[in-house]
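Naming: A, B, ... by sequence-line order, numbering from 1 per chain. Here the structure is a predicted model, which is why all the values come from computation and not from measurement.
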Amino acid sequence: MSRCFGSRACKPHSSAVPPSGQGRRGPGWCLAPDTPSGAVAGPGLACGPVDSPPMAPLPKRFPDRVEIASVRAEAEQLEPGEERGDAHRVAGRVLARRDMGKLVFLDLVDRSGRIQLLAREEKTGPLDLDLGDVVGAEGVPARTKRGEPSLAATSIELLAKNRRPLPDKVHGLQDVELRYRQRYLDLLVNEESRADALLRSRVVSAIRRYLDAHGFVEVETPILQPRYGGAFAEPFVTHHNALDADYYLRIATELYLKRLIVGGLEKVYEIGKDFRNEGTSYKHQPEFTMLEWYEAYADYRDTMARMEELVATVAQEVNGTTTTTFRGNELDLGSWRRLKLLDALDEHGLWTRDEAELRNRLQEREVDTKHDTTWAQLVDHALERFVEPALIEPTILHDYPIELSPFARATDDDPSIVERFEYFVGGMELGNAFSELNDAEEQAERFAMQASEREAGAGETELGDEDYVEALSYGMPPTGGLGLGIDRLTMVLAGRDTIRDVILFPALRER
RNA sequence: GGGCCGUUAGCUCAGCUGGUAGAGCAGGGGACUUUUAAUCCCAAGGUCGUAGGUUCGAGUCCUACACGGCCCA
């Protein structure tokens with residue numbers, strides 16, 4: 001069998017150990033291939049001293065480790081020059097080294113922070129360490145004469161060897177392409193990147209905590225779907241070999257989640273990836289993370305209130321405040337303006353039911369409307385172009401035309417307007433919500449309406465889903481549902497201008 | 001898809017109207033027991049994104065392509 005699942009017999013050289021120099025520094029950053037019996041690459045490769053003896057096997061664990069931040073906090077209590085307290089063990093990356101002869105200062109960084117190690121040769125012996133090496137250290141909290149919180153090391157052991165030069169220790173990794181392609185380097189040397197990754201994790205867990213505490217159950221629905229729906233978007237298409245059928249990567253979780261409401265789960269949510277086969281921008285990625293929730297016996301006004309509470313709660317838990325600075329604007333996520341879509345368009349002189357008139361007014365404003373074939377499309381274009389970019393303060397925009405919203409219930413006083421809202425921060429849409437349409441027959445009519453929009457030339461419409469209509473025919477309680485872009489919320493909370501800064505591995509062309 | 005900008009040492013960046021490529025950091029050798037972008041001495045490091053073209057001569061000018069960024073659709 002050619003496959004190897006960890007069997008030792010499969011290893012070409014069972015005694016292979018990492019090549020290394022035993023000089024003061026390692027063999028440099030050349031990448032020597034696996035070599036038998038610990039031998040270092042031959043002289044032709046110019047890879048450090050050929051006479052280096054093999055390095056001892058590195059430890060497989062480093063127990064009883066504490067966070068660097070906690071040791072630092074303890075050291076900060078000391079007077080300059082003091083060295084006192086219980087011994088602690090810390091581990092992390094060596095990111096700076098200042099040699100003073102028999103005394104060496106090392107900066108050690110872990111996820112929690114940075115601390116200086118005081119390494120005296122009489123205690124630790126000579127240090128064979130390069131920048132980027134992973135080490136474990138044991139020592140006593142100390143403060144140097146200059147007051148730097150430190151750990152006076154009694155022992156330092158190598159846990160993993162770095163064989164490549166690190167990015168510039170002052171400027172870090174600046175090249176945006178390299179930061180995305182080699183995110184591990186970005187995280188390693190750029191503290192802000194590490195902070196953003198950790199912040200995103202706190203955002204997601206705060207969302208879960210809120211929803212779990214309010215009686216929602218987290219569920220998982222299919223990513224591979226025989227039909228796609230729940231949004232206006234191009235899907236990624238794939239093929240299921242065993243079923244011999246094309247499948248789609250989901251563009252939304254909506255229709256499956258509502259089937260669960262039909263089934264009586266009452267309050268459900270899912271946090272997961274959606275896929276839309278479209279270009280990228282500061283707020284778009286083809287693969288992104290979406291929260292959707294559905295709450296039985298609630299309408300869109302209840303959903304507005306819950307969204308406001310959730311966002312404020314998450315901001316408070318993650319940042320300790322509901323204010324944030326996003327794209328140059330200071331914003332308070334604890335206070336949302338509510339604005340009717342009709343009034344928002346009217347403010348810009350763009351509210352009219354007359355298609356030709358709306359087209360004229362847009363063209364007067366030098367908007368190219370030749371791709372907009374229906375009144376609803378023109379409204380959508382007007383919104384995108386004039387209304388949304390102006391919604392800087394947190395704003396709930398509500399009551400949408402029925403043609404744009406095939407899953408929302410009509411308002412009480414106007415059957416052409418539905419109970420739907422989208423909410424915006426810094427001119428960017430965070431999400432979309434409505435009082436869910438729960439009448440099977442009306443849902444079938446809405447799909448038919450989408451078909452006629454499509455025949456009229458509307459590019460983005462909802463394809464029908466008979467299976468979903470059948471689910472509704474069993475009766476779905478009145479329900480409020482909402483989608484929230486996790487990446488975008490994280491952008492706002494982290495104060496990042498581009499979605500790529502809050503997605504660890506953004507989509508890039510293969511090189 | 002269109003326009004503009006970028007691509008030089010592992011990283012961060014210089015490189016003028018065309019005249020055989022530079023620095024700092026990292027890496028190598030050495031000195032130093034309170035440094036923190038440590039400092040000092042020595043040596044080394046490049047197919048200037050790729051492929052063509054113009055020219056006596058191209059990192060520099062021209063064309064195409066690749067990758068990335070910004071703006072527009």
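Here B/U34 sits opposite no nucleotide as a Watson-Crick or G-U wobble pair (both hydrogen-bonding atom distances under 3.5 Å). Look at B/G59: it lacks any Watson-Crick or wobble partner with both distances under 3.5 angstrom. Nucleotide B/G6 has B/C67 as its partner under the Watson-Crick or G-U criteria, with both atom distances under 3.5 Å.
A salt bridge (charged side-chain N to carboxylate O under 4.0 Å, His left out) with A/Asp130 is found for exactly one of A/Arg97, A/Arg164, A/Lys161, namely A/Lys161.
Using a 4.0 Å heavy-atom cutoff across all strands shown, A/Arg500 reaches sugar-phosphate atoms only and no base atom. Within 4.0 Å of A/Asp175, counting heavy atoms only, lie sugar-phosphate atoms of the nucleic acid but no base atom. Residue A/Val170 is in base contact, counting any heavy-atom pair closer than 4.0 Å across all strands shown.
Between the side chain of A/Asp168 and the base of B/G24, a donor-acceptor pair under 3.5 Å is found. For A/Glu121 against B/U33, a side-chain-to-base donor-acceptor contact under 3.5 Å is absent. Contact of A/Arg114 with B/U36 (side chain to base): no donor-acceptor pair of N or O atoms is detected under 3.5 Å.
Taking atom P on both B/G2 and B/U12, the two are 30 Å apart, rounded to the nearest angstrom. Taking atom P in both B/U7 and B/C16, the straight-line distance is 12 Å, to the nearest Å. When the C1' atom is compared between B/U63 and B/U54, the two are found 11 Å apart, to the nearest whole Å. Comparing the same atom, C1', in B/A44 and in B/G29 gives a spacing of 10 Å after rounding to whole Å. Of the C1' atoms belonging to B/A23 and B/A9, the separation is 11 Å, rounded to the nearest Å. Straight-line distance between the C1' atoms of B/C25 and B/C67: roughly 26 Å, to the nearest whole Å. Nucleotides B/G59 and B/G15 have their C1' atoms positioned 8 Å apart, rounded to a whole Å. Using C1' as the reference atom, B/C61 and B/C41 are 43 Å apart when rounded to the nearest Å.
Within the 4.5 Å cutoff, the side chain of A/Phe288 has no heavy atoms near those of the A/Arg488 side chain.
For A/Pro167, whose side chain is taken as the heavy atoms from C-beta onward, the closest listed nucleotide among B/C11, B/A73, B/U35 is B/C11. Each of B/G68, B/C11, B/G27 was ranked by its minimum atom distance to the side chain of A/Leu508; first place goes to B/G68. Listed nucleotides B/U34, B/C32, B/G69 differ in distance to A/Tyr180; the shortest reach to its side chain belongs to B/G69. The side chain of A/Arg120 lies closest to B/U33, out of B/A73, B/G68, B/U33. Side chain of A/Arg509, nearest nucleotide from B/A73, B/C67, B/U36: B/C67. The nucleotide whose nearest atom lies closest to any side-chain atom of A/Arg181 is, among B/U34, B/G10, B/C67, B/C67. Comparing atom distances between the A/Leu178 side chain and each of B/C70, B/C11, B/U34 picks out B/C11 as nearest. Distances from the side chain of A/Gln174 to the nucleotides B/U35, B/C13, B/C11 place B/C13 closest.
The residue among A/Gly172 and A/Arg98 whose nearest nucleotide of RNA chain B is located toward the 5' end is A/Gly172. Of the two residues near RNA chain B, A/Glu177 and A/Gln116, the one whose nearest nucleotide lies more 5' is A/Gln116.
A donor-acceptor contact closer than 3.5 angstrom links the side chains of A/Ser150 and A/Gln116.
Atom NZ of A/Lys145 and atom C1' of B/U33 are 8 Å apart (whole Å). The CG atom of A/Asp107 sits 11 Å away from the C1' atom of B/A37 (whole-angstrom rounding). The NZ-C1' distance, from A/Lys102 to B/U35, rounds to 17 Å in whole Å. Note: CG (A/Leu131) to C1' (B/G10) measures 13 Å, nearest angstrom. For the pair A/Leu118 CG and B/U35 C1', the computed distance is 9 Å after rounding to whole Å. Here the C1' atom of nucleotide B/U36 and the CZ atom of A/Arg143 are 14 Å apart, to the nearest Å. Rounded to a whole Å, the CG atom of A/Leu106 is 14 Å from the C1' atom of B/U33. In this structure, A/Glu510 atom CD and B/G68 atom P are separated by 10 Å, rounded to whole Å.
Sequence neighbours left out, the pairs with a member in residues 495-508 of chain A that pass salt bridge (Lys or Arg N to Asp or Glu O under 4.0 Å) are A/Arg179-A/Asp501, A/Asp196-A/Arg496.
Contacts with RNA chain B (heavy atom under 4.0 Å) in residues 67-90 of chain A: none are found.
Between the side chain of A/Asp133 and the backbone N or O of A/Asn162, at least one donor-acceptor pair lies under 3.5 Å.
Scored by the ring-ring contact (aromatic ring centres under 6.0 Å, His included) test, A/Phe434 finds no partners at all (sequence neighbours excluded). Every residue meeting the side-chain contact (heavy atoms from CB on, under 4.5 Å) condition with A/Glu393, not counting sequence neighbours, appears here in chain and number order: A/Leu331. Residues forming a ring-ring contact (aromatic ring centres under 6.0 Å, His included) with A/Phe105 (at least two apart in sequence, or on another chain): none.
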Distance-only criterion, 3.5 Å: show the donor-acceptor pairs between side-chain atoms of residues 347-354 of chain A and protein atoms not counting sequence neighbours.
| from | atom 1 | to | atom 2 | distance (Å) |
| --- | --- | --- | --- | --- |
| A/Thr352 | OG1 | A/Asp354 | N | 3.0 |
| A/Arg353 | NH2 | A/Ser416 | OG | 2.3 |
| A/Asp354 | OD1 | A/Ala356 | N | 3.0 |
| A/Asp354 | OD1 | A/Glu357 | N | 2.7 |

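In this model, the phosphate group of B/U36 is approached by a side-chain N or O of A/Arg146 to a distance below 4.0 Å at OP1 or OP2.
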Report task. Would you sort out whether A/Arg250 and A/Glu292 count as a salt bridge (Lys or Arg N to Asp or Glu O under 4.0 Å), showing the intermediate values? Result -> CA-CA 13 Å; A/Arg250 70 183 176 201; A/Glu292 289 191 38; over 6 Å; no
